Amino acid sequence: MKVTAIELRRIRMPLVSPFRTSFGTQTSRGVLLVRVVTPEAEGWGECVAMEEPLYSYEDLETAAHVLRSQLVPRVLAVGERLTAARVGHVLEKVKGHPMAKAALELAVLDAELRAAGRSFGDSIGAVKDTVPAGVSVGIMDSIPELLDAVDGYLEQGYVRIKLKIEPGWDVEPVRAVRERFGDIGLQVDANTAYTLGDARHLAKLDPFELLLIEQPLPEDDVRGHAELATQIRTPVCLDESITSARSAADAISIGACSIINIKAGRVGGYLEAVRVHDVAQANGIPVWCGGMLETGLGRAANVALAALPGFVLPGDTSASDRYYRQDVTTAPFVLEDGHVRVPTGPGLGVEPDPEVLGSLTESVESLAVR
Ligand code: SMG
Ligand code: MG
């Protein structure tokens with residue numbers, strides 16, 4: 001494929017409500033979008049890095065830097081033999097920066113598929129028309145506030161609730177939600193806020209029959225998760241620790257997780273995300289699709305990924321209005337009976353609205369194409 005232009009665009013989207021996790025509070029989402037232009041079609045990729053390196057070490061600046069200085073030049077150097085399948089291989093020599101790599105690969109893949117008139121879902125093996133939607137609920141100032149928020153989401157039809165937890169906000173909020181709402185699908189996410197020394201405390205979550213506890217320990221403490229899994233009854237799910245299909249195989253082999261949260265940005269792209277899914281499926285490990293507060297562009301790809309057969313748990317694939325009053329795509333993702341629909345049009349199957357995009361844009365950088 002011949003690439004005639006590549007553009008990096010920074011946008012800012014106000015969140016409908018602040019989102020607090022163990023590493024901080026967000027009131028808006030800064031997003032880096034990658035646009036790849038070819039004579040036949042253009043493609044979009046969304047970089048899920050955050051403004052600060054608190055979820056993982058990447059941030060919007062490091063992503064833009066490595067795209068500009070390393071990733072885009074390497075991809076362009078391939079010339080007309082460029083295909084989406086080659087992008088991962090071409091970028092392999094550059095260490096790290098999975099979120100930046102994933103965004104570029106997605107933009108190339110989207111352009112390729114739009115040119116071929118093929119949907120992203122079909123190309124990666126989606127087998128469902130709709131996927132069940134869970135919702136991730138941030139840490140709140142008080143339990144009544146949390147119960148109100150959860151009540152609202154259940155009212156809208158979300159089929160699973162995930163509570164963000166941290167030391168000081170764990171057993172009591174979980175107890176309150178269980179007592180008030182009964183037998184709902186309920187899980188928690190600690191974003192690395194605990195240590196193995198907290199095992200006895202985390203075992204206090206056992207009576208609440210949670211679907212899983214996500215990433216309680218630091219991302220490099222894979223062995224610690226394996227040990228923790230022997231000390232608590234709640235199934236251990238890894239998010240931050242799983243950075244590739246190989247690391248998934250390793251974590252599974254030592255019993256560090258019985259469930260995996262798959263995020264394409266964290267593993268360097270959707271094609272590697274599919275390989276993580278395949279490894280998990282071969283080992284009988286259920287997976288679900290994580291979220292990084294994506295716009296409609298990244299959400300389209302996530303919803304398609306969540307339609308693969310091994311995604312047997314509801315994902316953090318909520319409707320657009322859970323995050324944004326105005327999404328960047330012409331049609332927002334909406335909840336239909338607790339599900340969101342997998343796009344079927346060419347490529348990502350969604351279109352950015354030029355006016356909305358323009359109004360949200362902070363900067364656009366055109367990268368030179370020889
Ligand atoms: O996209 O609905 C979403 C957010 C889901 O909780 C979510 N993501 O660790 O899983 C996670 C977090 C990472 C982002 S927190 C700002
Ligand atoms: Mg998580």
Side-chain angles (χ1 to χ4, degrees), residues 13 15-31 46-60 98-99 102 131-140 146 149-150 153 156 158-166 169-170 186-194 210-219 225 235-243 251 257 259-267 273 276 287-303 305-306 313-324 327 332-333 335 340:
M13 317 241 317
L15 286 164
V16 293
S17 53
F19 188 55
R20 179 169 155 203
T21 65
S22 59
F23 54 78
T25 304
Q26 276 180 278
T27 54
S28 69
R29 178 72 163 112
V31 183
E46 177 165 342
C47 178
V48 300
M50 305 257 156
E51 271 166 281
E52 295 184 285
L54 302 175
Y55 165 82
S56 70
Y57 62 80
E58 286 181 274
D59 65 37
L60 291 179
M99 293 173 175
V131 297
V135 60
S136 175
V137 185
I139 294 167
M140 307 262 163
L146 174 70
V150 171
Y153 291 130
Q156 290 173 50
Y158 284 103
V159 300
R160 178 278 270 158
I161 299 289
K162 156 167 143 180
L163 303 181
K164 288 292 193 178
I165 59 167
E166 66 181 0
W169 182 266
D170 43 32
L186 185 62
Q187 64 192 51
V188 293
D189 184 3
N191 287 109
T192 76
Y194 297 86
L210 299 176
L211 291 166
L212 57 92
I213 179 169
E214 183 180 343
Q215 198 71 42
L217 311 181
E219 62 187 71
H225 284 96
V236 173
C237 169
L238 289 177
D239 173 356
E240 285 90 328
S241 295
I242 304 299
T243 56
C257 59
I259 299 171
I260 294 176
N261 166 338
I262 300 187
K263 290 177 183 163
R266 204 190 59 224
V267 301
V276 175
V287 303
W288 54 282
C289 184
M292 293 293 287
L293 310 169
E294 283 87 349
T295 75
L297 293 166
R299 189 163 306 283
N302 283 352
V303 168
L305 180 66
L313 291 166
D316 286 341
T317 43
S318 314
S320 300
D321 68 359
R322 180 259 172 267
Y323 313 90
Y324 308 114
D327 208 333
F333 282 88
L335 213 53
V340 284

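First listed ligand is number 1; within each ligand, the first listed atom is number 1. Bear in mind that the values here come from a model prediction, so they are computed numbers and not experimental data.
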Protein contact of atom 8 (N) of ligand 1 - nearest heavy atom, named by residue and atom, plus distance: G291 O, 3.0 Å

Atoms in ligand 1 flagged as close to K162, the criterion being non-hydrogen separation under 4.0 Å: 6 (O), 7 (C), 10 (O), 11 (C)

For atom 12 (C) of ligand 1, the protein heavy atom that lies nearest, with its residue and separation: K164 NZ, 3.1 Å

Under 4.0 Å to a heavy atom of T21 - the qualifying atoms of ligand 1, by number: 15 (S)

Contact atoms of ligand 1, heavy-atom distance to Q26 under 4.0 Å: 16 (C)

Polar proximity ligand 1 side, E240 side, N/O cut 3.5 Å exclusive: no

Option whose closest heavy atom lies nearest to atom 2 (O) of ligand 1, chosen from Y55, F19, Y323, F23: Y323

Top protein contact for atom 1 (O) of ligand 1, by heavy-atom distance: L293 N, 2.8 Å

Under 4.0 Å to a heavy atom of D189 - the qualifying atoms of ligand 1, by number: 9 (O), 10 (O), 11 (C)

L60 side chain reached by E51 side chain, heavy atoms, under 4.5 Å: yes

cation_pi(R266, Y55) dist<6.0 Å, angle<=45: no

Ligand 1 contact on R322 by region, counting heavy-atom pairs under 4.0 Å: neither

The Mg ion (ligand 2) neighbourhood, protein N/O/S only, threshold under 2.8 Å: D189 OD2, E214 OE2, D239 OD2

M292: numbered ligand 1 atoms lying under 4.0 Å from its heavy atoms: 1 (O), 13 (C), 14 (C)

Heavy-atom check, side chain of Y324 versus side chain of L293, under 4.5 Å: yes

Per-atom contacts, ligand 1 versus M50 - under 4.0 Å to a heavy atom: 14 (C), 16 (C)

Residue, atom name and distance, where the atom is the protein heavy atom closest to atom 6 (O) of ligand 1: S136 OG, 2.8 Å

Backbone N/O of G138 and side chain of R20: donor-acceptor pair under 3.5 Å: no

Within reach of ligand 1, part of Q215 (heavy-atom separation under 4.0 Å): neither

Polar atom proximity, S318 to ligand 1 (N or O, under 3.5 Å): no

Note, K263 side chain near V48 side chain (heavy atom, < 4.5 Å): no

Side-chain touch E214/W288, heavy atoms, less than 4.5 angstrom: yes

Between E240 and T192: side-chain donor-acceptor atoms closer than 3.5 Å: no

Among L217, L212, I213, the one residue meeting side-chain contact (heavy atoms from CB on, under 4.5 Å) with V236: I213

Ligand 1 atoms in contact with E214 (distance to a heavy atom under 4.0 Å): 10 (O)

Sidechain-backbone polar pair: D170 side chain, I165 backbone, donor-acceptor under 3.5 Å: no

Note: R160-D316 ion pair, threshold 4.0 Å (strictly below): yes

Side chain E46, main chain T295, donor-acceptor under 3.5 Å: yes

Under-4.0 Å heavy-atom contact with ligand 1, by part of D239 that carries it: side chain

Sub-3.5 Å N/O-N/O distance, N191 and ligand 1: yes

K263 to ligand 1, any heavy atom closer than 4.0 Å: yes

Closest approach of R299 to S320 (non-hydrogen atoms, all atoms of both residues): CD-OG, 4.4 Å

